[in-house]
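Following: one structure in structure tokens, then a few remarks.
Atom set for the values below is all heavy atoms of this structure, side chains included, hydrogens, waters and symmetry mates excluded. Order of listing sets the numbers, starting from 1, for every ligand and every atom in it. All values derive from a computational prediction rather than experimental measurement.
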Amino acid sequence: MDPRPLHQWTVHQLLEGLGQGAFSAQELAQHLLERIQAVDPQLHAYLRVEPERVLAQARQADRRRRSGDRSPLLGIPLAVKDVLVTRGVETTAGSRILQGFVPPYTATAVARLEAAGAILLGKTNTDEFAMGSSTENSAYGPTRNPWNLDRVPGGSSGGSAAAVAARLAPAALGTDTGGSVRQPAALCGVVGLKPSYGRVSRHGLIAYGSSLDQVGPIAQDVADAALLLQIMAGPDPRDSTSLDTSVPDYRAVLGRTIQGLRIGLPQEYFTGGIQPEVDRAVRAAVAQLEDLGATVVPIRLRTLEMALPVYYLVATAEASANLARYDGIRYGRRTPAATVMDTYRRTRGQGFGAEVKRRIMLGTYALSAGYYDAYYLKAQQVRTLIRQDFEAAFQQVDVIASPTSPTTAFRLGERTEDPLQMYLADIFTVSVNLTGMCAISVPCGFDEAGLPIGLQLMGPHLGEERILQVAYAYQQVTEWHRRCPPSASPEQEQAARTRDSRP
Ligand code: GLN
């Protein structure tokens, strides 16, 4: 048997091991729980882990397997971002206002994984209501990057990305409104996939920007991301925006040659502002795709400079409407006062953090009479132009390559005082949400400080097969995705064991 400790295994490797009876789901769960206990105090990737519940589910998975059940994820523990509601397990969205909220139902994406046999390992840290790029906006304290504890893990799904990078979960779920699956995946050296709008149900995803939000997998490799997407995707009667189109077999494209595929390289994504090591690593990755037989086509995406302003108008406008429901009456925490109005005011005043308030104000302003036409309506019009720009590009190419993030992981506290600086982290990711298209981030190198770099591959609407095919081909000839941070690498553990065993 594979001699590595179980936390080093990918989901597909674990499934094989479980299938062969090499270990039980209970042993696997126990091992991960111990590892979380040992490593997570430094990282704070998890907001909540309920060991008894995890072990009970694992024992049940073992019983099911003994009775012949072959569900596709039977016994696999997964971490879930705390903006996805989970029945009976407190869900806070990283906000004080939802402290103590125990949802009565489970989000469809999570429920489908559970129906396939997966075990909810824990809920992971997130920027409050998924608003942020560093996980520093969590009301419960930041998550740290496992590659360097002074750095942020990215965000808003920073807890999920850090958990997978540190091997505190074989894979995890994140959500992506403007980059929140891909950017933390890039900054933590793991794989993150943002599905096309409508591909995965949003039912039970605590809404931030409803026309942008999608649930996506964060994994150690492309095959695992494909497997999780396969199970989550598909129509859901509880989400009217989920698409009623059949889900292709994503695993069927893994291993297919990329000979002849056209990879677009948008000139606008490689100028100014980007860290030179990121530029180099992404170009080197594209050259490798060329070696594999793809054709690289220089393209223009002139709308890049419009993407951030449009995103921050649309997202905040939708957020201001979505967050109106938190008033202290129905969910979570209440700060009581003499009148109902004062109860609302005090609950919201104390329950929301600064960034959430900033966004509610921005969004409310953009939607208010007199400014609506100038801001919100204009943003929607430009959003259409961005979509047309991308549609035209996808007439020429199959996949578009770019950096996922202009820089590697920045320092904790470095951007918290400057929201605009923080928003710039999303420059390359938001267009895909505005257009409803799909994208994946895969590890493609390291900077001089040893921090991971991500390659973004964007595909057209419902183009998941193409981006998976190219990303998988890239991983077949590279080793970046196999690198673990020091705390999770086998050598490090070997060294620790030798130290321990010395007299
Ligand atoms: N960082 C972006 C924001 O703050 C994206 C967040 C997300 O995708 N949830 O809005």
Side-chain angles (χ1 to χ4, degrees), residues 80-84 93-95 109 124-138 142-143 152-161 172-188 192-197 200 202 205-218 307-320 322-323 352-363 366 379 383 404-407 409-410 415-416 418-441 454 456:
V80 173
K81 185 181 184 182
D82 206 31
V83 296
L84 290 156
S95 181
T124 55
N125 202 7
T126 166
D127 284 297
E128 185 174 4
F129 287 104
M131 296 175 187
S133 313
S134 69
T135 319
E136 290 166 295
N137 294 336
S138 167
T143 296
V152 301
S156 60
S157 314
S160 285
L173 291 194
T175 62
D176 193 312
T177 305
S180 280
V181 162
R182 291 161 284 158
Q183 185 258 14
L187 270 45
C188 288
L193 188 151
K194 196 282 281 185
S196 305
Y197 190 76
V200 176
R202 291 182 298 113
L205 159 55
I206 294 177
Y208 163 15
S210 306
S211 76
L212 306 158
D213 298 338
Q214 273 293 296
V215 183
I218 295 181
L308 270 185
V310 169
Y311 170 78
Y312 275 96
L313 280 165
V314 173
T316 56
E318 293 183 4
S320 76
N322 277 325
L323 269 56
F352 288 138
E355 182 61 27
V356 171
K357 287 177 183 164
R358 179 180 298 119
R359 302 226 182 166
I360 292 173
M361 285 189 281
L362 267 170
R383 183 178 186 175
T404 305
S405 155
T407 67
F410 42 95
R415 301 193 187 177
T416 39
D418 186 351
L420 286 182
Q421 201 47 37
M422 188 72 89
Y423 298 170
L424 277 174
D426 310 322
I427 177 96
F428 298 140
T429 47
V430 294
S431 297
V432 166
N433 302 78
L434 289 167
T435 58
M437 295 173 178
C438 61
I440 190 168
S441 178
Q456 177 174 233

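Among the candidates R182, K194, R202, the single residue satisfying the salt bridge (charged side-chain N to carboxylate O under 4.0 Å, His left out) test with D176 is R182. Test S133, S405, S431 against D426 for side chain to side chain donor-acceptor pair (under 3.5 Å) and you get one pass: S133. Shown are T124, N125, T126, T135; of these, the side chain to side chain donor-acceptor pair (under 3.5 Å) with T143 is made only by N125.
The nearest pair of heavy atoms linking S180 to P184 is O-CG, 2.9 Å.
Ligand 1 is surrounded by A130, M131, G132, S133, S156, D176, T177, G178, G179, S180, Y208, Y311, Y312, R359, D426, each with at least one heavy atom closer than 4.0 Å.
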Any chance you could lay out the side-chain contact (heavy atoms from CB on, under 4.5 Å) test for Y311 and Y423, step after step, and finish with the verdict? CA-CA 10 Å; Y311 170 78; Y423 298 170; over 6 Å; no
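For D82, the salt bridge (charged side-chain N to carboxylate O under 4.0 Å, His left out) partners are R48, K123, not counting sequence neighbours.
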